[in-house]
Amino acid sequence: MRGMRLAGILARSGPLTALLLLFASSAVWAGNGAASAWTKSLPDPSEFVEILLLQNYNTRLVVGGTTLLGATCGLVGTFLLLRKRSLLGDSLAHATLPGIGIAFMLMVAAGFTGKNLPGLLAGATASGAAGMLAVLAIRNTTRLKDDAAMGIALSVSFGIGIAVLRLTQNMPQGSAAGLESFIYGKTASMVFSDFWLITGVSLCTTVACAMVLKELTLLCFDEQYAAAQGWPTLYLDFLLIGLVIAVTVVGLQSVGLILIIAFLITPASAARFWTNRYTSMILLAGVIGAVSGWFGSSFSALLPRLPAGAIIVLTAASIFLFSMFFGTARGVLLRWIEHRRLRRRVGRQHLLRAAYEILETGSNQPHIPNVSIPFPQLLAHRSWSAAHLRKLLRDARREDHLEPSAPGTIRLSENGFGEAARITRNHRLWELYLIRHADIAPSHVDRDADMVEHILGAELVHQLEAELQPRAAVPASPHDITAAAAP
Amino acid sequence: MHTTASATSSAVDLRPEHPAAFPLTVHDLTVAYHRRPVIWDIELNIPEGRLVGLVGPNGAGKSTLLRACLDLVPRTSGEIQIYGQPYRRQRNLVGYVPQRESVDWDFPVSALDVVAMGSYRKLGWFKRVGAVELQNARDMLDQVGIAHLAGRQISQLSGGQQQRVFLARALAQDASLYFMDEPFSAVDAATEVAIVELLRELQARKRTCLVVHHDLSTVAQYFDWVVLLNMRIVAAGPTAEVFTRENLQKTYGGKLSVLDAAAEALRHGAS
């Protein structure tokens, strides 16, 4: 019962609770982590405060930038997830690597410094887009399916990227050291211009998503219908991929191209557990992304030996796991509680009905007497195991449906007898309805009625009564109830 | 090959055999996937205000014909006109009910959200769904009898209720011609009745409906016009003339069990 109430409260308060819980849990986690494993490398308290309160200019830049990036990734990732294109994002990220290397080589060859960031990111964008076109080309010209096309594009482009990076390292001019940071990300290297780049991209992306929210949602939900209505689905898809390319490229520096996909998909997946509405899902995904980004970058600023990208992704993953279990819209725990509750109710109703049917067949008077029932007779009435029946009886005792009786027998309490009569009546009404209106043979009706009756509401029972107008308080069973003893 | 209705064709009609007054005319349509033709040589005139059942065996190209009418599949040849114009100019006049299985019902939207999608086209780019559209969507849900489920997430609806949501979305478009892809498949008896009532009401309002239908036993009862399709049009016309044992045999070929079922249905219809 307590579990039910908890679930109810969780379900009602919804996403807000989710947020509070997330903050609380991440704070606790932070405390534990800092206290145990990393005591030796901990910075002194003043530094701690400095970083957490963002007093340091550089920290402010890094933490602010990453948080913003997280929010944007959550936003764009929601659409990517709803469009069922998660793997596309991954192959896109991998496809950026050759572009980085090639851009470096071109810039060095042209006599510039190779590590001009806008140049490198332009290269990443170009090769990311090329990778996407390759996926589309493979899919549309051959009969290969999406996943094969994306798998090929992903591994091949990453292979090319690694090869190109190795070539750059052998170049005589210009140091190519640091290019690998795009693979794993290096948040601390963020500078003022990077921050503005992230801000600009985030702003544009958010505005774009807000403007075509309705169009993108329709595309994700029902592409055929969108096309029939005349929306340019291909260009909307291009727009979505364009947004993903934009956030991927600006995220390369801090999270790295291998982990950026987790930054895109994990917050959105986590958010889905808390809500059944896409608007709140988008907002929540943004918040989860922001929290992950903030936490990851702060943590790695405190402990510079830990890579920010990994911590960001781990934070997002922790939030995802937490959401998966405790999510109020479709969390595992909630489903489990609901399932258990239903199973209990079904068990209770079966027990009471079995008892009532035994009492009914044992008497030929119009008023059915409430007498003790021997345990073996009850056991034989349905296909129960003895252990299961004992558990049902324990539950029934707790619900005050049974009263004390001689050993080896059970006896319904007054309360339990009334409930048993009511349940049996509903069951029979439903059976009669099925026989009369759904053309179900009387010999099969018991099983069909069994499945539905447990969820019959009072309103439906009234309807059944009006329709069938039973003469007896509890109508006679339309089929032989002693036959129910068969396993 | 098909029964053309005796409509008065005006002198300006470029194709006298396909008058512009018809909600849907199809001329010489062929559609092929990967070079294998799925439907070919389709000639069809659908007169206004009819409930048209599109009937044929699995793989006969029923959905393909519908999708071709909506420009969703590329045509190998042929011309399709909606009230005398190509579909891209007449989208406002056409409502579409796709197959229920074509979407992911786990999507995080409510029934009301889905119905409101019917108004997206009229809203146009960038405009948000407002109070007017939501009220309209509510009215449409009411029309299909599930107004009380407006806020329900769509995965928590039964199959029949989901089908009603799709119908309500098409109704929200307020079209003159409706294409419905198997609205009766896997729905409960109550929903089937509700859909039939809805179709009758649309017909009373002079709307035209082209409905892909599987259950031969109810064709004569539900539709006053039938198109029998098996890659080509076998026959098209008023149900009483066209829905005959002979035509069904041509449509379904040697599939005797189906034929027997149909014959049974015809006997019932006659008695």
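Order of the sequence lines fixes the chain letters, A, B, ..., with proteins taken first and strands second; residue numbering starts at 1 for each chain. Only this structure's heavy atoms are used, side chains among them; waters, hydrogens and symmetry mates stay out.
With a threshold of 4.5 angstrom between heavy atoms, B/R169 approaches chain A through its backbone and through its side chain. Neither the backbone nor the side chain of B/F179 comes within less than 4.5 Å of any heavy atom in chain A. The contact between A/M211 and chain B is made by backbone and side chain atoms together, counting heavy-atom distances below 4.5 Å. Residue contact with chain B, scored on non-hydrogen atoms closer than 4.5 Å, is absent for A/T233. For A/A226, no part lies under 4.5 angstrom from a heavy atom of chain B.
Note on ring orientation: taking the six-membered ring where Trp is involved, the planes of B/F166 and A/F221 are perpendicular (angle over 60°, cut-offs 30° and 60°).
Minimum heavy-atom separation, B/D106 to A/R272: O-NH2, 2.6 Å. Residues A/A228 and B/L72 come closest through the heavy atom pair N-CD2, 3.7 Å.
A 4.5 Å side-chain heavy-atom check between B/D104 and A/K84 finds at least one atom pair inside the cut-off. In this structure, the side chains of A/D222 and B/P98 come closer than 4.5 Å at one or more pairs of heavy atoms.
A side chain to side chain contact (heavy atoms under 4.5 Å, CB included) with B/P108 is found for exactly one of A/L82, A/T275, A/T217, namely A/L82.
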| task | May I have the step-by-step check of side chain to side chain contact (heavy atoms under 4.5 Å, CB included) for B/L70 and A/Q224, ending in yes or no? | result | CA-CA 10 Å; B/L70 293 159; A/Q224 290 289 318; over 6 Å; no

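Contacts with chain A were tallied for B/V129, B/I154, B/D113, B/V114; B/D113 has the most, counting heavy-atom pairs under 4.5 Å. If you tally non-hydrogen atom pairs under 4.5 Å between each of B/F107, B/Y96, B/Y87, B/W105 and chain A, the highest count goes to B/F107.
The side-chain hydrogen bond (donor to acceptor under 3.5 Å, both in side chains) test applied to B/R152 returns no partner, not counting sequence neighbours.
Counting non-hydrogen atoms of other residues, nucleotides and ligands closer than 6.0 Å to OH of A/Y235 gives a total of 12 or fewer.
Residues B/Q153 and A/R277 bring no donor and acceptor atom of their side chains to less than 3.5 Å of each other.
Here the NZ-CZ distance, from A/K214 to B/F126, works out to 8.5 Å after rounding to the nearest 0.5 Å.
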Anything under 3.5 Å between a donor and an acceptor, one on a side chain of residues 115-124 of chain B, the other on a protein residue two or more places apart or in another chain? List them.
| unit_1 | atom_1 | unit_2 | atom_2 | d |
| --- | --- | --- | --- | --- |
| B/S119 | OG | B/A116 | O | 2.6 |
| B/R121 | NE | B/N92 | OD1 | 3.0 |
| B/R121 | NH1 | A/Q229 | O | 3.0 |
| B/K122 | NZ | B/Q173 | O | 3.0 |

